[in-house]
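Shown next, in structure tokens, is the structure this report addresses.
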Protein chains: 2
Amino acid sequence: MADQMEPPRTRIQQKNRDLILEGALTAFSVNGFRGATVDQIAEAAGLSKPNVLYYFASKDDIHKTLLTTLLDMWLAPMIRIDPAGDPLAEVMGYVRAKLEMSRRFPRESRLFAYEILQGAPHLTEILGGSLREIVDTAAAILRGWMDQGRLARVDPHHLIFSIWALTQHYADFDVQVRAVLGPGHDPFVEADPFIENLYRKMLGV
Amino acid sequence: MADQMEPPRTRIQQKNRDLILEGALTAFSVNGFRGATVDQIAEAAGLSKPNVLYYFASKDDIHKTLLTTLLDMWLAPMIRIDPAGDPLAEVMGYVRAKLEMSRRFPRESRLFAYEILQGAPHLTEILGGSLREIVDTAAAILRGWMDQGRLARVDPHHLIFSIWALTQHYADFDVQVRAVLGPGHDPFVEADPFIENLYRKMLGV
DNA sequence: CGTGATCCTGACCATTTGGTCAACAAAGGA
DNA sequence: TCCTTTGTTGACCAAATGGTCAGGATCACG
């Protein structure tokens, strides 16, 4: 459903498009779509502004490309939940993968956070479409495990929401977390056992 | 520490400042600080743009006023945690109050979310100052209960973060939650028992 | 080497936007 | 009523910003 015969790219196109997307990710994740300027993106990419607009039709085009490109990566861990695996281990694996993504890719997390906060103008179809399907599939797997008594019964959808909320919080609200904890703390290192313990207690049978 | 002898206000000043702050809350919570324009705020308030800037020195001034005004309200529930109360009941009360605030004041939640996402340029001192003190106080109460064996032992700070994350998620990511659940669901109604069950299992002794 | 395609940029443009100001209107107190 | 204070606005401005374009530089390939 995704790729529709992309035009071939020269080496220079490949490199510069990557530079632009990289710079744009930084710019958008700090100030949001409207807050980021094409000049900022150009500078972060090490290119001139007209050159940026040579590779992308518009600022909006850059933003949309970023979002759709990164969405797959963002959702990948949920697709890897294995119905044949051990229920608690599968959930914990997903939780850990998601927290690890918040730690390693906070810019991506913030990019999506801004988009959703704004009402997801570029993602509306996806949210109610493929995302919903993926979530429903995962929820069905979870519900199956609960029916078999291998996982404590809770609302599967809200279980997934809780995982998103808990893990992304550490990326999106990083400054708040760090300010409250004070220096000498690694939020992600501390969050890992806390969250693991949380789901072990909630879902253990 | 807060109020420093505000200048007296006429009835008209009071009314128009309120109108402006109300309109600005809507504007800022939808598009963020940079995304909202003074014209939008003026229109939402039913005033002309110059008139808006007659009551507030700048767009930034409106924003800062909103943030500081609403911060007290936002933190109030945490201050009400009673060391003499029943541990689990106190925590559950706080959780429910926080979820209720997300439900009734989603604009405020998004306003703060935008601010934190942006790196909290207007709140840095507060985050590491009074907010940190309030959180530390609450954390100390929680830790005391855990020492007494009246609450399962977990990291108190991350317990608080988890409550923030879980409850605010339903306000900040509302469109995503609704898109995934589909029509016919009330996210807040469903979230309430889920979250209550979560903390009961994690904190019960 | 030559030449067409690709790549790059300075200069420019139209629009948006935060903010100002002079002048006018409305209150309000003596 | 008169006059000072307060409230309101149309017109305007400078800066920022997304985007364009003509022309020059560079590359790739026969």
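Here is how names work: the chains are called A, B, and so on, in the same order as the sequence lines, proteins then strands, and each is numbered from 1.
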What is the distance, rounded to the nearest whole Å, between atom [atom1] of [X] and atom [atom2] of [N]?
X	N	atom1	atom2	answer
B/D39	D/dG10	CG	C1'	13 Å
A/Y54	D/dA25	OH	C1'	12 Å
A/L47	D/dG18	CG	P	16 Å
A/I41	D/dG18	CD1	P	8 Å
B/N51	D/dT6	CG	C1'	11 Å
B/L19	D/dT8	CG	P	10 Å
B/L53	D/dG7	CG	P	15 Å
A/K15	D/dC27	NZ	C1'	12 Å

Euclidean distance, A/L159 CG relative to A/H157 NE2, rounded to 0.5 Å: 10.5 Å
Gap between atom OG1 of A/T37 and atom NZ of A/K49 - 0.5 Å precision: 8.0 Å
Phosphate-side-chain proximity, B/Q13 and D/dT6, N/O vs OP1/OP2 below 4.0 Å: no
D/dT6 phosphate, OP1 or OP2, under 4.0 Å from B/N16 side-chain N/O: no
Sugar-phosphate, base or nothing in reach of A/A36, heavy atoms under 4.0 Å: sugar-phosphate
Ring geometry between A/F28 and A/H63 (parallel below 30°, tilted from 30 to 60°, perpendicular above 60°): perpendicular
Parallel, tilted or perpendicular, as decided by the 30° and 60° cut-offs, for the rings of A/H169 and B/F161: tilted
If you check every side-chain atom of [X], which of [options] has the closest atom?
X	options	answer
A/K59	D/dT8, D/dG19, D/dT17	D/dG19
B/R34	D/dT17, D/dG19, D/dT6	D/dT17
B/P50	D/dA11, D/dT20, D/dG19	D/dA11

Residue whose nearest DNA chain D nucleotide is more 5′ - A/A57 or A/T37: A/T37
Along DNA chain C (nearest heavy atom to each residue), the more 5'-positioned of B/S58 and B/I12: B/S58
Side-chain H-bond candidate by donor/acceptor type, A/Y170 with A/S109, under 3.5 Å: no
Leading and trailing nucleotides of DNA chain C with any atom under 4.0 Å from heavy atoms of chain B: C/dT17 to C/dG28
cation_pi(B/R17, B/F56) dist<6.0 Å, angle<=45: yes
Given B/F33, B/F105, B/W74, the one that forms ring-ring contact (aromatic ring centres under 6.0 Å, His included) with B/F112: B/W74
